2 protein chains.
Amino acid sequence: MSVEDKQKPQRNDRVTIRTVATHAGVSVAAVSKVMRNAYGVSEALRAKVTDAIDVLGYRPSRAARGLRGQSFTIGVLLIDIRNPFLPEVIAGVNGVLAPSHYQAMIGVSDAQVQLETSLIESMIDYKMDGLILVAPRLPSEILAKFAVEIPIVAVGYHAAGATAFDTVNADDQRGAEIAVEALLARGYRDIEMLSLGEREGHAVSVVRQREIGFRRAMQRGGLGSSAPIGKIPIASPKREEAMRKFLSRKDRPRAVFCWSDLDAITLLSLAVEMGVRVPEDLAVIGYDNSSTAALGLVNLASIDQSGRELGQVATRALISRIEGRSAAEHILQIPSLVSRNSLAGSEATKQG
Amino acid sequence: MSVEDKQKPQRNDRVTIRTVATHAGVSVAAVSKVMRNAYGVSEALRAKVTDAIDVLGYRPSRAARGLRGQSFTIGVLLIDIRNPFLPEVIAGVNGVLAPSHYQAMIGVSDAQVQLETSLIESMIDYKMDGLILVAPRLPSEILAKFAVEIPIVAVGYHAAGATAFDTVNADDQRGAEIAVEALLARGYRDIEMLSLGEREGHAVSVVRQREIGFRRAMQRGGLGSSAPIGKIPIASPKREEAMRKFLSRKDRPRAVFCWSDLDAITLLSLAVEMGVRVPEDLAVIGYDNSSTAALGLVNLASIDQSGRELGQVATRALISRIEGRSAAEHILQIPSLVSRNSLAGSEATKQG
DNA sequence: CGTTATATGGAGAACGTTCTACAAATCATT
DNA sequence: AATGATTTGTAGAACGTTCTCCATATAACG
């Protein structure tokens with residue numbers, strides 16, 4: 001009895017638009033108009049309604065909103081939450097969204113195409129207003145298909161030809177070039193890139209772009225014939241194995257460009273462990289300028305692509321798309337080198 | 001003209017439950033029953049419906065579902081996306097959720113109470129089925145208020161007295177004790193804790209618990225009278241400043257227990273920079289056993305509280321609550337020490 | 001004053017589900 | 001064969017919004 005009495009009011013006390021309307025002595029439509037500040041409401045009406053809203057603490061139901069109009073939510077899909085680059089992107093997104101009435105909801109796909117698909121579908125089914133996909137793994141045609149249902153901006157996804165959705169990237173080719181140029185400028189000639197295995201990075205991924213840039217810069221430097229690219233698996237036991245093998249190679253190069261700080265930092269760690277001195281025996285450049293790279297202990301030179309800025313730009317692009325733009329935009333930021341100890345000095349000149 | 005022709009089909013081609021019903025030649029209610037596998041559907045009906053669903057590629061609208069019943073989504077609120085402890089929790093949550101029909105949507109509050117509130121409200125307004133709040137900053141009474149609207153499990157939030165929501169924690173008092181005991185066992189006596197400033201950690205936060213554990217263990221070790229706790233601000237210029245000041249103190253202790261790896265790692269970096277040897281001059285223990293701590297370069301001893309496991313346990317608790325449990329549960333995991341170089345040997349005996 | 005334009009408020013149909021209540025059909029039981 | 005019990009399927013009202021018409025009230029104008 002008393003239990004029921006306690007349950008009932010809980011259930012019923014949701015303040016809906018109707019409650020507000022009754023309390024303010026106006027129609028539901030009027031309240032809705034005020035909420036969306038649509039045309040045709042007098043100051044008097046607006047005051048009555050906002051008062052009622054304040055008194056009652058009314059919040060519109062996102063679910064109901066989504067069913068009919070906008071939900072004022074944008075979905076963000078992350079391929080992986082462990083990569084320290086991603087949080088930066090989120091920070092950028094949240095920064096731009098904060099002053100607006102939009103909110104971000106994040107899904108994590110863990111690099112599984114299956115999960116990625118179902119998360120995107122869910123976000124569509126929630127009637128979110130737009131999607132920011134960070135380094136998605138799905139092929140461009142599939143994204144294009146989704147893009148007819150919902151505005152999409154892809155970050156870290158090189159599909160400059162896409163007409164159905166926007167892309168925002170740092171120029172990964174250029175980033176790799178900058179890395180190689182820095183090494184060349186310091187006298188290194190014997191340079192190798194450590195990249196991701198074929199299976200883990202598709203054609204439009206940032207990794208492949210960095211490989212292209214690496215090759216081009218090597219070519220320009222007159223080292224076109226020998227621009228070796230090693231592939232490091234992503235999963236844990238094999239990954240360290242491959243790095244150890246690299247470090248103990250007789251013909252190990254004098255300098256290495258890693259596709260990501262994630263790999264570069266582990267490489268640095270293993271190097272210490274194996275007695276390979278950095279930068280004396282081996283110069284290392286990473287990618288992403290993660291916070292770990294900046295640590296005094298690590299001191300890893302790295303290509304900075306400002307994830308935060310990418311997040312900001314992507315968000316602004318998405319909002320403009322939500323607001324009606326239909327021509328695709330493909331934005332490219334220029335990355336820069338952050339030089340640190342792992343690349344120090346010009347001591348590489350002693351090599352042949 | 002042709003533009004309109006192209007728009008129309010896009011809008012209209014959403015496959016709804018009605019489309020399925022028509023295609024299968026049954027009623028809408030029947031399809032709904034099949035979807036929820038409710039009682040009272042024959043094999044024949046079920047087959048017809050599932051066939052139609054497959055053919056049409058039907059996906060129920062989450063928005064509509066939320067409006068009426070369950071949305072099969074659980075919301076996860078993260079205080080901060082940069083702390084490497086959080087991704088582990090997410091991994092645990094996703095791991096448990098993957099085989100179920102639930103999905104996680106993540107919100108990031110960036111430690112702002114304002115944003116935290118509005119994210120929780122949004123998740124409620126989306127009619128999510130339950131919430132996992134990781135290290136929320138809101139006071140317990142407010143969470144209790146939210147908990148009448150939606151099942152809540154708080155992680156990293158010590159409110160063992162709460163009756164309206166569950167909590168899942170590692171035993172932070174015990175963790176701090178373990179750290180101190182490890183230091184004592186290695187002969188250190190001159191021990192200090194570096195903690196968070198009052199403003200950044202409320203009474204029920206993990207930080208305060210670790211302070212309690214620290215004091216208790218020191219007391220037990222006969223060092224009760226001198227169990228100093230330094231406070232490090234969280235924001236960046238002041239933070240490093242405080243650490244530098246600590247490192248250059250004349251009466252700097254021989255060992256330090258940091259409330260988080262985040263601080264411990266920065267401290268390690270600054271120590272190298274300032275010529276303070278670790279562990280010879282200063283032993284360091286961190287908290288969280290983050291992946292960075294495990295790097296050969298860093299080699300930081302740390303208390304492991306398995307964020308992944310916390311995420312798993314919290315998710316299971318939440319699901320059981322969604323399914324009807326009403327008595328509050330407060331779960332405590334036991335953390336453990338991961339010993340590494342920053343704590344090496346037993347060389348501390350030379351001190352007075 | 002009558003007429004037309006404009007500003008303001010409201011009725012009510014969607015949106016895509018769930019779920020209660022009920023009708024119809026089938027099966028058991030006497 | 002009649003009655004009751006059970007199984008199977010459906011109608012239709014909710015859920016809380018948005019948004020397109022309409023209806024009225026007021027202002028503008030000749």
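Note that the structure is predicted; figures quoted are calculated from it, not measured. Only this structure's heavy atoms are used, side chains among them; waters, hydrogens and symmetry mates stay out. Residue numbers begin at 1 in each chain, while the letters A, B, ... track the order of the sequences.
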Residue pair B:Val20 / B:Val15, side-chain heavy-atom distance below 4.5 Å: yes

Atom-pair distance (CG on B:Leu67; C1' on D:dT18), nearest Å: 12 Å

Protein-nucleotide distance (A:Gln70, atom CD; C:dA14, atom P), rounded to Å: 22 Å

Side-chain donor/acceptor of A:Asp166 to backbone N/O of A:Val153, under 3.5 Å: no

Between C:dT17 (C1') and B:Arg36 (CZ): distance, integer Å: 9 Å

Short side-chain N/O contact from B:Ser61 to OP1 or OP2 of C:dG16, under 4.0 Å: no

Sugar-phosphate, base or nothing in reach of A:Lys127, heavy atoms under 4.0 Å: nothing

Closest nucleotide among D:dT10, D:dG16, C:dA11 to the B:Val26 side chain: D:dT10

Test item: side-chain donor near acceptor, B:Ser32 and B:Arg36, under 3.5 Å: yes

Under-4.0 Å side-chain N/O to phosphate OP1/OP2 contact, B:Ser27 with D:dA11: no

Chi angles and distances behind the side chain to side chain contact (heavy atoms under 4.5 Å, CB included) call for B:Leu131, B:Leu77: CA-CA 8 Å; B:Leu131 255 40; B:Leu77 190 88; over 6 Å; no

Ion pair check, B:Arg137 and B:Glu116, cut-off under 4.0 Å: no

Whole angstrom value for the distance that separates P of D:dA14 from CZ of A:Arg14: 18 Å

Summary of protein contacts for nucleotides 23-28 of chain C, nucleotide by nucleotide, where a base hit scores B, a sugar-phosphate-only hit scores S (4.0 Å, heavy atoms): ------

Interatomic distance, B:Lys33 NZ vs D:dT7 P [rounded to whole Å]: 12 Å

Residue from B:Asp51, B:Val55, B:Val49, B:Leu56 passing side-chain contact (heavy atoms from CB on, under 4.5 Å) with B:Ile53: B:Val49

Residue whose closest nucleotide on DNA chain C lies nearer the 5' end, A:Ala30 versus B:Arg68: A:Ala30

Gap between atoms CZ and C1', on A:Arg62 and D:dT18 respectively (whole Å): 15 Å

Per B:Thr16 side chain, nearest of listed nucleotides D:dA11, C:dG16, C:dT18: C:dG16

B:Ile17 CD1 to D:dA11 P, straight-line distance once rounded to whole Å: 13 Å

A:Tyr126 OH - C:dT17 P separation (whole Å): 14 Å

A:Arg65 side-chain N/O to D:dT18 phosphate OP1/OP2 under 4.0 Å: yes

Degree of bending in the helix from C:dC1-D:dG30 to C:dT30-D:dA1 once both end axes are built from five pairs, to 10°: 40°

Side chain of B:Arg18 (C-beta onward), nearest among C:dG16, D:dG9, D:dT17: C:dG16

B:Ser71 (side chain) donor-acceptor with B:Lys127 (main chain) under 3.5 angstrom: yes

From CA spacing to verdict: salt bridge (charged side-chain N to carboxylate O under 4.0 Å, His left out), A:Arg14, B:Asp125: CA-CA 10 Å; A:Arg14 206 207 200 295; B:Asp125 298 341; 2.9 Å; yes

A:Tyr39 vs A:Lys33 side-chain heavy atoms within contact, under 4.5 Å: no

Sugar-phosphate only, base, or nothing, as touched by A:Ala29 at under 4.0 Å among non-hydrogen atoms: base

Of the listed nucleotides D:dT8, C:dA7, D:dG16, the one nearest the side chain of A:Tyr39: C:dA7

A:Pro136 and A:Leu143, any side-chain heavy atoms less than 4.5 Å apart: yes

Aromatic ring pairing B:Tyr102/B:Phe72, orientation class (parallel under 30°, perpendicular over 60°, tilted between): tilted

Contacting residues from residues 40-59 of chain A, given that a heavy atom lies under 4.0 angstrom of DNA chain D: A:Tyr58, A:Arg59

Check: B:Asp80 main-chain N/O paired with B:Asp110 side-chain donor or acceptor under 3.5 Å: no

Side chain proximity check, A:His158 to A:Val206, heavy atoms < 4.5 angstrom: yes

